[in-house]
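Remarks on the structure that follows.
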Amino acid sequence: MPEKSAQAPTPQVSAWRKALTHASPDRADELAKRVAKQLPTLQNRLSRTYGEGVHVEELTEQLLKAAVDIALLRSQDLWDLDLFRQAQPHWHQQGAVGYTAYADHFAGNLRGVVERIDYLKSLGVTYLHLLPFFKAAEGPNDGGFAVANFELVEPRLGTQTDLQFLTESLRGAGISLCSDFVLNHVAHDHEWAVQARNGNPDFQNFFCLAHSQDEVDAWEKNLPQIFPDTAPGNFTYQPSLKAWTWTTFYPYQWDLNYANPKVFLEVVSAMMRVANLGVEAFRLDSTGFLWKRQGTNCQNQPEVHWLLQAMRALMEIACPGVLMKAEAIMPTHQLPPYFGMGETPGPECHLAYHSSMMAASWVALAEENVSILNAVIEKTPAVPTGSSWLTYVRCHDDIGWNVLKPEVESLGDAQHQRLLQASHFFAGLTPNSYAQGASFQTTDLKTAHGTNGMASALVGMSSASNADELHTAVDRLILLQSLSFFTGGLPLLYMGDELGLGNTSAEILLARQGPDGRELHRPVWQEAHAQLRNQEGTVQHRIFSTLQSLAKLRQQLDAFHNDTPVTLKKTELATVLGLQRGRDLTGLFNFSRQAVTQELAPGQTIALKPFGFVWLQTNADKTLRSLID
Ligand code: GLC
């Protein structure tokens, strides 16, 4: 299993210092300062991770050399941006709005995305996450998450020049580009995997190999399954290696062996080089899985956090203006360490997905009851200054129900049925359900795994048979978005949801490769549909213009600074969620089909429409002003 490889002895003269002697004095000074600041953390986290059997000094040297070299190659624009952001560490903390899309579905390719910048701006977007656009495996590739080359752009989507043009154009418009960086695995046709298959032991040690069925079974005993239906098990036998490769996700995605420090060196170096193309944020895909430990479920191990903190220290040297975002789809209580709030505190990720809040808001909709949502928010801590929650309604993945297990269990016995019922509801299996989604990775009616479908299909827009039903369905969609926009440090819109776009058409689904059910919510942009946003009276106009208003409020009000705490506000009704953002902002969200009233203070009663919401500001004289008409 993961082996640690020994390193050469420490060289006499520090290579990174030598590199600085050729640099301009301002860069040399600045970099020397950054290294001095980050070195203690870097050394500490690397020693914790690789302590025995590895020359940590040598590894530190190599990593510093990589970071300094990359910083010296950084364009003047990006270097200046780093300095600006170092001086204003809160640059991303006020009024951010995110958007996520597949480049091809959204705009054909990277050049096409440039054409859509005005559109994004009109929506108030400040952050664009394009799903994987680096070279992917030939054949099935998990929507690009099986990466064959960390730095070459997928030829279908463009070139490195196109990528640079895109990042520059976005930056000019005040939008940061976020790129996935798939940390946990590479594609089976990535150079490292090819070398490993060809018998190169150095590269074999880049992967987690098991050499017998017994070894596989010993690990499997404690491992959950991510894709139990389409990719059962966590190991794949490789005849050419006469061994099994660890494959947490699909068999063609080989998990990397982070116990080998060379893997860390190579991966972080590639990431910093990509930052030099103008990428301003990295979505660290599948972060939770990086460290394997016998006897555990191999998720969220302490080493994951030490490595992320070492990575952050290196980014602070090479490209301090760049954000790190954890994609750890884990229960709420396991997320704070990704912000560096764990047993080894220290700067880690700037952002993390709040998938429990997302899933709980869907349960609240299905049940017309906010108790699980309340439990999630109660367990959501304030995060360190400079970091924030990413909130969302939908994304390219399924809605995973299991993240909610701890909250559901905390509510008492017999509660687990609630997740199953929600899953049936959104798959349209419950009598009177308006939803037109589908279950993901389970055909067993007794198991809740995930749910697929575009938000509009899940809230009942596609099943609506008259104008009233359609109106109510749109209310539900806006309600969920209003909650995400109220609570989030970075609310993220999924392409199409701002227009109520429906599920992928059957025709397109048929033409796509592979059986992955998540394709249901990966539709292609429809220009005619998008144009309707400009026409008053259409649902597209209603959704789009409401989101524009919410985005504007996020930009205007101080209460939306990310350091402002969001806390629960008690309500009298099980259907109404009450939230307080700082002292002056109150949000009420009605998850029921009934119009209700809620008393906030003696004499101040607030009326909420069915599936309605209000954002209220407390005036100086203590009266309340509604911010949304
Ligand atoms: C992340 C991605 C998901 C992908 C998986 C494996 O969870 O969001 O789409 O299948 O990682 O890379």
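Counting starts at 1 for both ligands and their atoms, following the listed order. As the structure is a prediction and not an experimental result, all values here were calculated from the model.
- Applying the 4.0 Å criterion to heavy atoms of Asp397 picks out, from ligand 1, the atoms 2 (C), 3 (C), 7 (O), 8 (O), 9 (O).
- For ligand 1 and His396, the ligand atoms under 4.0 Å from any heavy atom of the residue are 2 (C), 3 (C), 8 (O), 9 (O).
- Within the structure, the closest approach of Tyr250 to ligand 1 does not fall below 4.0 Å when heavy atoms are considered.
- Within ligand 1, the atoms closer than 4.0 Å to a non-hydrogen atom of Asp285 are 1 (C), 2 (C), 6 (C), 7 (O), 8 (O), 11 (O), 12 (O), numbered from 1 in the order shown.
- The aromatic rings of His185 and Phe249 lie tilted to each other, with the angle between the two planes from 30° to 60°.
- The protein non-hydrogen atom at the shortest distance from atom 10 (O) of ligand 1 is Asp142 OD2, 2.7 Å.
- Interface of Phe227 with ligand 1, defined as ligand atoms under 4.0 Å from a residue heavy atom, comprises 10 (O).
- Below 4.0 Å from some heavy atom of His185 lie the following atoms of ligand 1, by number and element: 6 (C), 12 (O).
- By the 4.0 Å N-to-carboxylate-O rule, Arg111 lies close enough to Asp162 to be salt-bridged with it.
- Set against the non-hydrogen atoms of Arg518, the atoms of ligand 1 under 4.0 Å away are 3 (C), 4 (C), 9 (O), 10 (O).
- Side chains of Gln160 and Gln164: no donor on one and acceptor on the other come within 3.5 Å.
- Two residues are said to be in side-chain contact when any heavy atoms from C-beta on lie closer than 4.5 Å; Leu308 and Arg312 fail this criterion.
- In this structure, atom 7 (O) of ligand 1 lies nearest to the protein heavy atom Glu327 OE2, 2.9 Å.
- Proximity of Ser286 to ligand 1 is established by a heavy-atom distance of less than 4.0 Å.
- Counting atoms of ligand 1 from 1 in the listed order, those under 4.0 Å from a heavy atom of Arg283 are 2 (C), 8 (O).
- Using a cut-off of 4.0 Å between Lys/Arg side-chain N and Asp/Glu carboxylate O, Arg522 and Asp397 are scored as salt-bridged.
- Checked against the 6.0 Å centroid criterion, the rings of His305 and Tyr338 qualify as a close aromatic pair.
- No side-chain donor from either of Asp285 and Asn184 sits under 3.5 Å from a side-chain acceptor of the other.
- Not less than 6.0 angstrom separates the ring centroid of Trp306 from the ring centroid of Trp291.
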